[in-house]
There are 2 protein chains.
Amino acid sequence: MAEYHAPDNKTVHELNNIANRIRINSILSTSKSNSGHPTSSSSCAEILSVLFFRIMKYKVDVPRDISSDRFVMSKGHACPALYSAWVETGHMTKEQLMTLRENGSVYEGHPTPKIDFIDVATGSLGQGLGMAAGMAYVGKYIDKSNYRVYCLLGDGEVAEGAVWEAMAFASHYKLDNLVAIIDVTRLGQSEETALGHHTEIYKKRAEAFGWNSIEVDGHCVSELSKSFHLAESCKDLPTCLVAKTFKGKNMIGQENLHGFHGKPVSPASKEEILNHLEKLVSENSGVKLTPTLPVDDTKPVDISNIKLSSPPDYELGQKIATRAGYGKALIKIGQRCDRVYSLDGDMKNSTFAQDYKKAFPDHFIECFIAEQNMVGVGIGMATRDRTVVFLSTFAAFMARAYDHIRMGAVCHTNINIFGSHCGISIGADGPSQMALEDLAMFRAVQGSTVFYPSDVVSVERAVELSANTKGICFIRGARAATPVVYDKDTKFEVGRCQILKQKSGDKVTIVAGGITFAEALKAFDKLQTDGIGVTLIDIFSVKPVDKDGIYQAAWQPGKDPHGGDHYEEGGIGSAVAEALSECTGITQKRLAVRGLPYSAAPNELLAAFKIDCDAIVEAVKSML
Amino acid sequence: MAEYHAPDNKTVHELNNIANRIRINSILSTSKSNSGHPTSSSSCAEILSVLFFRIMKYKVDVPRDISSDRFVMSKGHACPALYSAWVETGHMTKEQLMTLRENGSVYEGHPTPKIDFIDVATGSLGQGLGMAAGMAYVGKYIDKSNYRVYCLLGDGEVAEGAVWEAMAFASHYKLDNLVAIIDVTRLGQSEETALGHHTEIYKKRAEAFGWNSIEVDGHCVSELSKSFHLAESCKDLPTCLVAKTFKGKNMIGQENLHGFHGKPVSPASKEEILNHLEKLVSENSGVKLTPTLPVDDTKPVDISNIKLSSPPDYELGQKIATRAGYGKALIKIGQRCDRVYSLDGDMKNSTFAQDYKKAFPDHFIECFIAEQNMVGVGIGMATRDRTVVFLSTFAAFMARAYDHIRMGAVCHTNINIFGSHCGISIGADGPSQMALEDLAMFRAVQGSTVFYPSDVVSVERAVELSANTKGICFIRGARAATPVVYDKDTKFEVGRCQILKQKSGDKVTIVAGGITFAEALKAFDKLQTDGIGVTLIDIFSVKPVDKDGIYQAAWQPGKDPHGGDHYEEGGIGSAVAEALSECTGITQKRLAVRGLPYSAAPNELLAAFKIDCDAIVEAVKSML
């Protein structure tokens, strides 16, 4: 263990001064905005002063520097304290801080990466540690650099299961470059937390989850300094500092008291509180603290313009599941870019992520059955464009991580998600395993791109497009084998459908995707036999949907049945109904899964829920 | 502690025979269906034989009996073992078992309450314990009965954070009538679990989370019997049995080996495996075990036809937030029915659930910041119609529990959810706190009902309707105060909109809800001043949407702008576009939040994202 140098008296004094200035600025800024969380900011002031002026190695003027230590404020509502810490570094001005929560200010009510020193948005509690673990994983195993990752959690949010998923992940992967600090104030928003000030219970839990765990007085800068040193000296284990603190610390009339969560200081008590804090910082410490610079040991990377190493190459009509194409495509982009990482939730033999693991074993991360953490880790890994991340599991189980995915959009993340085994077409496993809400869910994510490839060629292209598309990309994959319909030169684009069949005199336009596209192909033949011409569209890009392409194709026939293997709300039918809502003259019919499905053979279910070939034929005929 | 009587030799013999017959039947049924999980069934065979024939008190012929012990199979994929246990009891026939996973059979690939001995559907891992905790809470504190709740978990699913949320909940509320059994097989689906056979780590984790925790040989019926006895004797602490087991136990060539997850026994190995098992059960134990009957100590309850104790009573035009009406309405139905329970995730001072807590302190359960568990507990509490459950938190954070909500539909649950602080109109807190995906998310839940009340009168009625509506009900609430528009006698129905303004000659029909309805009211006045007549609809019931009502109102003008405070996909605009998709002749314009919002004042955001009064006026004029 490196020798420990305790901070001298002047340093202790200055660290305390910084902490109290953080309190003052947190109060002033939240008073100015007339909303925000000064008491939650106050409890962590010493933790931040010690981290930013004694522990972390970073470049004040280049917050996103690739070799610098990272800080994640999981208790995002306490961001006035974080912003105030950056005011102390000189990177931010006090004037900027005073725009807190104002229209047009990047200093929002909860942190987002609009700010240059924020990597991940927080504010939905319990998510920061998983993201921090993703960043630490990259630091230790991919960048192989010295930077460390610090994550500050509130005690209330430790009730979130996602925290314990991250705890398990971090110890399993021996992330000794990761430090969690739990700010144990005892007080939640509306009442005392379940564990109050029992820091020994937090310690015991963190230890049981494989962490080096240290109880510490969260207001004692010397104890904090020593504990962070111990963390740095601990090999193979992540460290958790369980910091006993007081909400509203040093705020007269509010310290350790209920009733002040998320409330700016009242005008009546403001003067007394500020006077007291001003007095605490009135004596000059005689020293100016500057952050330590990092060692520049991290290499820049380029993850732009990633292509498949070879075009998809299959025989037309050959039957292969799109999930098999997912595994193949990952390998092909991995051959071109050494920053492609695959994460899976103990489903890799079903999602075909295992093919990638076989090809690139050290580019695969098993996340076990913890989808929230898988998404959190993925978001962390993708920060500062260090890696291209593909996550996979059954599409149904991505619902588990919906809040993380939603927050991913606020993080401006670029993760890619492959969800296999969509829809009732999985058959006998039953409704718990069937993704039927996934399209509704992913379409509603801000800035997302949603692909529903119908064959193995288009899924390979969807993977390639996803790797190069900003925002969250979701690729919906099926369990069943579907026929290859595209040759290797077919061009696919975000927001572009494929018009497979079209001729003049077509009476109806069919829009389908995935398994229902395979059924629609059969329906096309049947209708042809009956002398009914239909235009046939493979939707491919469910979001953005190809509004013009579908409109143009549907306009002439004026009739348009569409649908897929999902519930009625939010799926293909909704995408098309929305796209066509501004025009008139096109009658639509939407096929979808109506009612709760059950175990049965795939073809039995497709028929029973009326999304199979016969149902499509029937729908078309009913519109004539 | 009550004296412990170890099972005699004959009983041990018979318990082992039962376990091996469970294995045989699990193999036979999954072979017949040609899918399913015989090895995962095999690992828990002794646990089930001991529970069903030595420990649990229940009525074989009345599985839903209100005084009987409950069993939750959290590792739902091992249901062939559970079904086989019920074959052993005589409640099910072997012929019924052999319909496993067949079309029309209630014995699906994962358990659902279509079966009379299943309370909650499982199959999305990590959810059973929270549901079991809800059932145990009802048993201990509401029914105040002796029945106990047993929950069997797989080791792989213990990686899910939801399990640790439930662990924390159960110890916090001292649920000593709850027993979790972790079936530690070491083997996940695609590789070894993170903790392998380290049962001591599971034990340490459960202990740290406040549980009485016992390591046990999961194949030793004597050790299991003793451990369950110790569990029953433990006061104030829930008990966790950490059972070391082997996947594929007693299945020659498969025991404790990789590669057999979710695979029926191959025809080549079937004979050898079955012969071995048949040999194990060939010797008659000389005893027949029958389950112990429960004490009938639980009272029937009636939760039907719940009404507000008094009609909503406000002054027209008065401004009140719908969330305030939520608290009021809960009290009013609580005054009529003593089985109404409110659960909240440390947001009760924001959601107004605290009003109910004040009125009925022992009918409120603080679930802390653990939304997944709150939903799981709610689903458990609502089983067998024991309670009427209302859950509340910010609508944005319900995304955290989406997989639980999705599974709630498979559970045929009747829980009610109030999500406050929807949309950008919350203002300065920023996007992490804004529910903008919630309507898309809840609409896509099978059988759900979605209310978006615009004023405090309609929210009271929405609460009343929810209490009496089957399935998952979601009520979307706003932070901001909106004007009262309905008098106390206005009738509200599921699937019925309110047409507030309508006269002949109207040019355009506006459909809105919540805060945008308040804006639409202002727009109506402005348009009136400009001589433009518009029909004005308050959507109220977003699902089912009032297709006919909206169609009739929109048909004559033929133009229909609609929208609300949510993202473009899946919200009000989508509901209306879907509803009108089958007709032609109505041009629509959808207003919604396009782009990622940020911190600013509510009115600034409503204007910037073009869902305010001016934007509505502009949209109407653009359609003329």
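Just so you know, these numbers come straight off a predicted model, no measurement behind them. Note on naming: letters A, B, ... go to the chains in the order of the sequence lines (proteins, then strands), and numbering restarts at 1 for each one.
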Side chain, backbone, both or neither: which part of B/Phe209 has a non-hydrogen atom closer than 4.5 Å to chain A? both

Measuring heavy-atom distances to chain A, does B/Ser350 have an atom under 4.5 Å in its side chain, in its backbone, in both, or in neither? both

For the residue pair B/Ser622 and B/Lys589, establish whether any side-chain heavy-atom pair is separated by less than 4.5 Å. yes

A/His412 versus chain B, the contacting section by heavy-atom distance below 4.5 Å: side chain

From the list A/Tyr202, A/Tyr567, A/Tyr107, the residue making the most non-hydrogen contacts under 4.5 Å with chain B is A/Tyr567

Please look at B/His261 and chain A and tell me whether the side chain, the backbone, both or neither of the residue comes under 4.5 angstrom of a heavy atom of that chain. neither

Contact leader toward chain A among B/His110, B/Lys204, B/Glu582, where contacts are heavy-atom pairs under 4.5 Å: B/His110

Side chain, backbone, both or neither: which part of B/Thr193 has a heavy atom under 4.5 Å from chain A? backbone

Donor-acceptor under 3.5 Å (A/Gln446 side chain, A/Ala409 main chain): no

Check this for me: A/His172, atom NE2, are more than 12 non-hydrogen atoms of other residues, nucleotides or ligands nearer than 6.0 Å? yes

Quick check for you: among B/Lys203, B/Gln433, B/Glu371, B/Met347, which has the greatest number of heavy-atom pairs under 4.5 Å with chain A? B/Gln433

Top contributor to chain A interface from B/Asp403, B/Ile586, B/Ile405 [non-hydrogen pairs under 4.5 Å]: B/Asp403

Does a side-chain heavy-atom distance below 4.5 Å link B/Val120 with B/Gln127? no

Do B/Met398 and B/Phe442 make a side-chain contact, defined as non-hydrogen atoms from C-beta onward lying under 4.5 Å apart? yes

Taking all atoms of both residues into account, what is the closest heavy-atom pair of A/Arg101 and A/Ser35, and its distance? NH1-OG, 2.9 Å

Given the options B/Gly570, B/Ala396, B/Gly210, which has more heavy-atom pairs under 4.5 Å with chain A than any of the others? B/Ala396

Between B/Ala166, B/Ser432, B/Pro597, which residue shows the highest count of heavy-atom pairs closer than 4.5 Å to chain A? B/Ser432

Applying side chain to side chain contact (heavy atoms under 4.5 Å, CB included), run through A/His404 and A/Met374 and close with a yes or a no. CA-CA 10 Å; A/His404 284 67; A/Met374 178 165 70; over 6 Å; no

Which atoms form the tightest heavy-atom contact between B/Leu596 and B/Pro431, and what is the distance? CD1-CB, 4.3 Å

Measure B/Ala194 against the heavy atoms of chain A and call it side chain, backbone, both or neither at under 4.5 Å. both

Option in A/Gly156, A/Ala168, A/Ser105, A/Gly430 with maximal non-hydrogen atom pairs under 4.5 Å from chain B: A/Gly156

The interface call for B/Lys114 against chain A, heavy-atom contacts under 4.5 Å, is side chain

Greatest number of non-hydrogen atom pairs under 4.5 angstrom with chain B, of A/Gly262, A/Gly161, A/Ser190, A/Gly104, falls to A/Ser190

Which bit of B/Glu157 comes within less than 4.5 Å of chain A, counting heavy atoms only: side chain, backbone, both or neither? backbone

Between B/Glu165, B/Glu160, B/Glu437, who has the most heavy-atom pairs with chain A when the cutoff is under 4.5 Å? B/Glu160

A/Glu366 side chain to A/Asp346 backbone, donor-acceptor under 3.5 Å: yes

Taking the side chain as everything from C-beta on, heavy atoms only, tell me whether B/Asp155 gets closer than 4.5 Å to B/Leu195. no

Of the backbone (N, CA, C, O) and the side chain (C-beta and beyond), which part of B/Met434 lies under 4.5 Å from a heavy atom of chain A, both, or neither? backbone

Which residue, A/Lys543, A/Arg443, A/Arg590, forms the salt bridge (Lys or Arg N to Asp or Glu O under 4.0 Å) with A/Glu578? A/Arg443

Applying a strict 4.5 Å limit to non-hydrogen atoms, the region of B/Glu200 in contact with chain A is neither

